[in-house]
Every structure is written in C-alpha cells, then in structure tokens.
Number of protein chains: 2
Amino acid sequence: MLKTVQSAFQSRISRHILLTDTERDALSRLEGQAVALGKRDHVFSDSKPNDRIAIMRSGWAVSRVRSDGNQTTISQIFMAGDIIGLSDIGLNRPPHETTMQTDGSVHLLSRKALCDFGAQHPRLFALILSLASLDATALNDRLHAITRYSAEDRLMHFLLTIKAKSEQISEHASDRFPLPLSQKEIGDALGLTDIYVNRLLRGLQKSGQLSLTRPNVKINERSVWATRLNFQDRYAALDFSWAS
Amino acid sequence: MLKTVQSAFQSRISRHILLTDTERDALSRLEGQAVALGKRDHVFSDSKPNDRIAIMRSGWAVSRVRSDGNQTTISQIFMAGDIIGLSDIGLNRPPHETTMQTDGSVHLLSRKALCDFGAQHPRLFALILSLASLDATALNDRLHAITRYSAEDRLMHFLLTIKAKSEQISEHASDRFPLPLSQKEIGDALGLTDIYVNRLLRGLQKSGQLSLTRPNVKINERSVWATRLNFQDRYAALDFSWAS
DNA sequence: CGACCCCTTGATTAGCCTCAACAACCGTGG
DNA sequence: CCACGGTTGTTGAGGCTAATCAAGGGGTCG
C-alpha cells in the first residue's frame with residue numbers, strides 16, 4: 001500500500017494534533033496540486049484582485065508593501081507550511097505583493113474552499129487560525145522592535161525571529177541557518193538602509209557575535225542576545241489546549 | 001413587544017450582511033452580558049494567562065507592548081464593535097496588555113465559545129474573520145509608514161487611519177473626530193517621543209492643516225493628505241462577496 | 001496644597017541617512 | 001571563452017532628522 005508523503009503543511013499541523021485518516025484526506029484534498037514557482041515569481045500581485053489563499057510547500061516567499069518611489073517594506077516572510085493571505089481575507093485587492101524569494105512551490109486554494117473546510121473541521125480550523133496568529137504576533141513584536149530598539153538591537157531581534165521560525169520547519173543542530181535575503185531586503189524588513197545593515201553585520205561579525213557564510217548565518221551567543229532583547233519565541237509558545 | 005437594542009458588534013456586522021432572526025439570537029447569546037469598565041482598567045493583562053476574547057461594546061481600548069524600561073509601543077486601538085484577542089488566539093499568555101482608554105464596556109467570551117459559534121455559523125464566522133483582518137491590514141500599513149515615512153507623514157497617516165476607523169462606528173458629518181490619546185500615547189503608536197509629537201502637532205496647527213480642540217481633532221485637508229501619503233481606507237474596502 | 005500628569009518651548013546631541021566610489025559576483029550573450 | 005551590465009557588498013565623509021536634556025506652566029485628583 002502506497003503512503004503519500006505528507007506536505008509541509010500537514011507535518012506542521014501534525015506537530016500539534018494527531019490527525020485522523022479522514023482529516024488527513026481532507027487536508028490533502030484542500031491543498032490539491034502544488035504549483036512550482038521560481039525565484040522572483042509572483043504568488044500574489046498587489047495590482048490584481050485576489051480571493052485566493054496560498055499554502056507554502058517549499059521555499060521562501062516575501063510580502064512587500066510599496067509606496068511610490070523606491071520605498072519598500074517587507075511585511076512578512078513565509079516558509080514551508082505557512083499560510084499566505086489569511087491576514088487580508090477581507091480585502092479584494094491584496095495590500096502587498098507576494099513573491100517567491102527562492103525557488104519553491106505553493107498550493108493555491110480559494111478563500112471559500114478554506115472556509116468550507118473550516119466549517120467541516122472546526123478543530124483543524126481553530127489550529128490553522130492559531131498558527132496564523134503566531135505570524136501576526138511576530139509582526140507585533142517586530143513593530144515594537146522597530147519603534148523602540150536601536151538599529152543593532154532590531155537586527156539581532158530579526159535574526160532571532162528568523163531562526164525561531166525556521167526551527168518550526170526543521171530543527172537545526174547548530175545555531176546556523178539560511179537567510180536568503182540581501183542586505184537591502186533585511187533593511188526593508190527593519191526600516192534601515194542597506195548601507196547601515198552592512199555596517200551592523202560587519203560590526204557583529206568583527207565582535208564575534210555572528211558568523212556569515214552566505215547565504216548562511218550563525219548566531220554565536222543566542223541566549224545572550226535573547227535575554228538582552230527580551231526575546232520571546234512565539235512559535236515555540238503555541239498553546240492549543242483551549243480548543244480540545 | 002420589546003425589541004432589544006442591538007450591540008455595536010451586531011450593527012457592525014449588519015452593515016455587510018442581513019442577519020436572520022436566528023443569527024441575531026445566536027450573536028446575542030455569544031456576547032452575553034456586557035462588563036462595564038473604567039478608564040485604565042485592564043481588559044487583558046500580559047502577566048496573566050488568558051483564553052478569552054473580548055468584543056468592545058463602547059469606549060476605546062488600547063493594546064501596549066512593554067519592554068523593560070519605559071519603552072512602550074501601542075500596537076492596536078480598539079473601538080466599539082471591534083474584537084480583541086483574535087490575533088493572538090494561539091498564545092496562552094497575551095503578547096501585550098490591553099487596557100481601557102476611556103470608560104466603556106466589553107463582552108467577554110472564551111475562545112472555545114467563539115470557535116463553536118463559528119462552526120455553527122460559517123457565514124458569520126467568515127465575516128468576523130474578515131473584519132478582524134482589516135485591523136491586521138491597518139497594522140501593516142502603519143508598519144510601512146513607520147519604517148519609511150518621515151515623522152510628520154507618519155502622524156498624518158495615523159490621524160487618517162483613526163478617522164477612517166472611527167467612521168466605521170459612526171459617520172461624522174465633518175472631518176472632526178475624538179482622539180482620546182495623550183501626545184505620549186500618540187508617540188508610542190508611531191515610534192516618536194511625546195516632545196516631537198507636540199512639535200509636529202503645533203506645526204500642523206500653525207499651518208492650518210489641523211484644528212485641535214481637545215480631545216477633538218479636525219483634519220482640514222483630508223484629501224490632500226490622503227493623496228500625498230497614498231492613503232488607503234482599508235475599513236471602507238471590505239469585500240465579502242467571496243463568501244456568499 | 002502638593003503631587004502628578006500633560007503640554008509647551010529652547011538648546012544640544014547623536015543615530016542613522018545620503019552621497020559617492022569601488023570591488024566582487026552573477027547570469028547572459030557574443 | 002571572455003566581455004558585459006546589473007545587482008550586491010564594502011567603506012568613507014558629511015548632513016539632517018528626531019532624540020535627549022532642561023525648564024516651566026496649567027490642570028486635576030487626592
């Protein structure tokens with residue numbers, strides 16, 4: 001008997017609840033086929049109306065807000081198993097454009113299909129909403145860091161967040177992890193210029209706190225950073241007991 | 001026959017769909033009794049675990065993130081009809097503390113109760129999620145403004161957002177609206193100091209763009225600001241057609 | 001009546017941006 | 001195979017925005 005390999009989304013969910021066979025089937029039907037996309041391909045454009053949701057199967061995607069000029073903000077970063085588009089389910093035109101940051105693949109589905117699914121599987125839907133809320137919370141934390149931390153602290157906080165998020169997908173033994181973002185893009189996520197990000201990164205490297213082996217990053221004193229910045233790993237703190 | 005006055009939440013929902021009597025009853029049961037709270041009272045504390053959701057019945061509430069020291073960020077502002085707590089439904093300890101900004105009242109319910117309700121009334125649940133997504137989008141817009149706009153533009157953007165949001169509750173004939181926030185609090189929402197907020201407000205007043213009659217504010221050239229800042233009224237752009 | 005919060009204004013400072021120049025790398029096409 | 005343009009990373013010099021420091025007035029609550 002052939003057992004299909006489970007998707008990143010399903011394995012993310014399986015971390016928190018034990019799926020029945022029925023639920024597993026329903027999830028597979030919900031996801032449908034995956035679409036392969038290349039780096040820089042659009043997942044959602046901000047110029048076209050959209051009523052779809054995407055589930056990342058592999059790779060990274062990034063949401064950007066652009067105002068006229070070259071003023072760009074990176075509002076969210078998505079990795080395998082993440083849901084894209086839940087946070088703007090009430091708008092017919094996405095408030096940001098979402099593009100692939102690496103090669104990868106996504107499942108596309110309609111909002112309606114997700115909600116119908118939710119009505120059929122309340123327990124799973126509650127978990128999906130909970131998972132999505134973690135990203136919203138991370139956004140809140142980043143807002144706080146951006147408004148009230150120094151540039152260096154912001155950068156450290158950002159790196160800790162990326163590290164924490166990527167651990168949700170696969171545990172790395174070390175504190176080393178891939179960061180497929182240019183310095184300009186890091187700046188766009190933090191409200192800094194690429195030039196200043198460069199100076200900060202080199203400074204952290206010189207003081208031995210960070211090791212850069214593009215595209216990988218290693219945080220050498222993670223716990224020191226975490227206590228200094230009062231960093232909370234929201235992804236590890238998911239509590240789903242209320243729904244059972 | 002006595003007809004009960006509908007809550008702010010119900011009238012918000014009624015703007016977008018026509019409620020059946022059954023739905024109206026179900027909403028009333030969901031809300032239950034309202035709790036009266038005074039200015040500065042806690043709705044949710046960040047030090048106590050919480051698995052509840054609040055629905056604002058009247059007044060304003062504000063969510064703050066605090067890190068040690070006096071570094072505070074105001075992450076969200078809630079008005080009558082808003083739902084508090086959906087965006088951190090997956091955490092057992094709220095990432096911010098929520099307090100009343102004015103006297104007012106709230107309905108309190110458990111996450112479980114909301115989700116059970118959602119399973120019973122998928123259409124309403126989809127609308128509720130859509131409404132909540134508008135606040136998430138507004139947060140995104142503010143993040144962009146904070147990272148990429150000048151202090152003055154940030155402030156204008158913020159005022160336009162508050163104005164747009166308060167219009168969801170009640171249409172004001174003029175561009176005048178109440179803003180029960182101190183200058184320090186405005187600064188905490190924008191990543192500025194109270195002192196600089198003061199200078200900016202006085203500057204805008206002097207140039208005739210703003211009229212301040214505490215606690216009311218009047219934006220004198222709203223459309224000029226909106227085009228200059230590329231402001232999008234997310235609250236007016238709710239699209240719910242996909243769910244029907 | 002004092003304590004505290006909120007607003008207001010001036011003078012000074014510094015953190016981060018801007019401008020500028022160049023090196024390294026990449027994919028592309030001749 | 002190399003030439004090439006475009007993107008990315010690196011470093012220096014100087015400037016501006018918004019923070020900090022400082023001081024005082026008005027209002028309110030206990």
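Below, read A as the first sequence line, B as the second, and so on, with proteins coming before strands; counting in each chain starts at 1. Keep in mind that the numbers below use all heavy atoms, side chains included, and drop hydrogens, waters and symmetry copies. Source: prediction; values computed, not measured.
- Here the C1' atom of nucleotide dC17(C) and the OH atom of Tyr149(B) are 18 Å apart, to the nearest Å.
- Looking at the side chain of Ile195(A), the nearest of the listed nucleotides dT9(C), dA20(C), dC17(C) is dA20(C).
- OP1 or OP2 of dC16(C) has at least one side-chain nitrogen or oxygen of Tyr196(A) nearer than 4.0 Å.
- Between Leu155(B) atom CG and dT17(D) atom C1' the separation is 15 Å, expressed in whole Å.
- In this structure, Arg40(B) atom CZ and dC29(D) atom P are separated by 10 Å, rounded to whole Å.
- Minimum heavy-atom separation, Asp233(B) to Tyr235(B): OD1-N, 3.0 Å.
- Of the side-chain N and O atoms in Gln183(B), none sit less than 4.0 angstrom from OP1 or OP2 of dC5(C).
- To the nearest angstrom, C1' of dA19(D) lies 13 Å from NZ of Lys184(B).
- Nearest-nucleotide positions on DNA chain D for Leu201(A) and Arg148(A) put Leu201(A) closer to the 5' end.
- For Arg199(A) against dG9(D), no side-chain N or O and base N or O form a donor-acceptor pair under 3.5 Å.
- Distances shown here put every side-chain N or O of Asn198(A) at or beyond 4.0 Å from the OP1 or OP2 atom of dG9(D).
- Rounding to whole angstrom units, NZ of residue Lys39(A) and C1' of dG27(C) are separated by 11 Å.
- Rounded to an integer number of Å, the gap from Asp194(B) CG to dA18(D) P is 15 Å.
- Side chain to side chain, Ser110(A) and Asp51(A) fail the donor-acceptor criterion of an N or O pair below 3.5 Å.
- The shortest heavy-atom contact between Ser87(B) and Gln76(B) is OG-NE2, 3.7 Å.
- Across all non-hydrogen atoms, the minimal contact from Thr72(B) to Arg64(B) is CG2-CD, 3.7 Å.
- Across Gln10(A) and Glu31(A), no two heavy atoms sit closer than the pair NE2-OE1, 3.3 Å.
- Within the structure, a side-chain polar atom (N or O) of Arg202(A) is placed less than 4.0 Å from OP1 or OP2 of dT11(D).
- With rounding to whole Å, Leu181(B) atom CG is found 18 Å from dC5(C) atom P.
- Residue Thr193(B) places at least one side-chain N or O closer than 4.0 Å to OP1 or OP2 of dA19(D).
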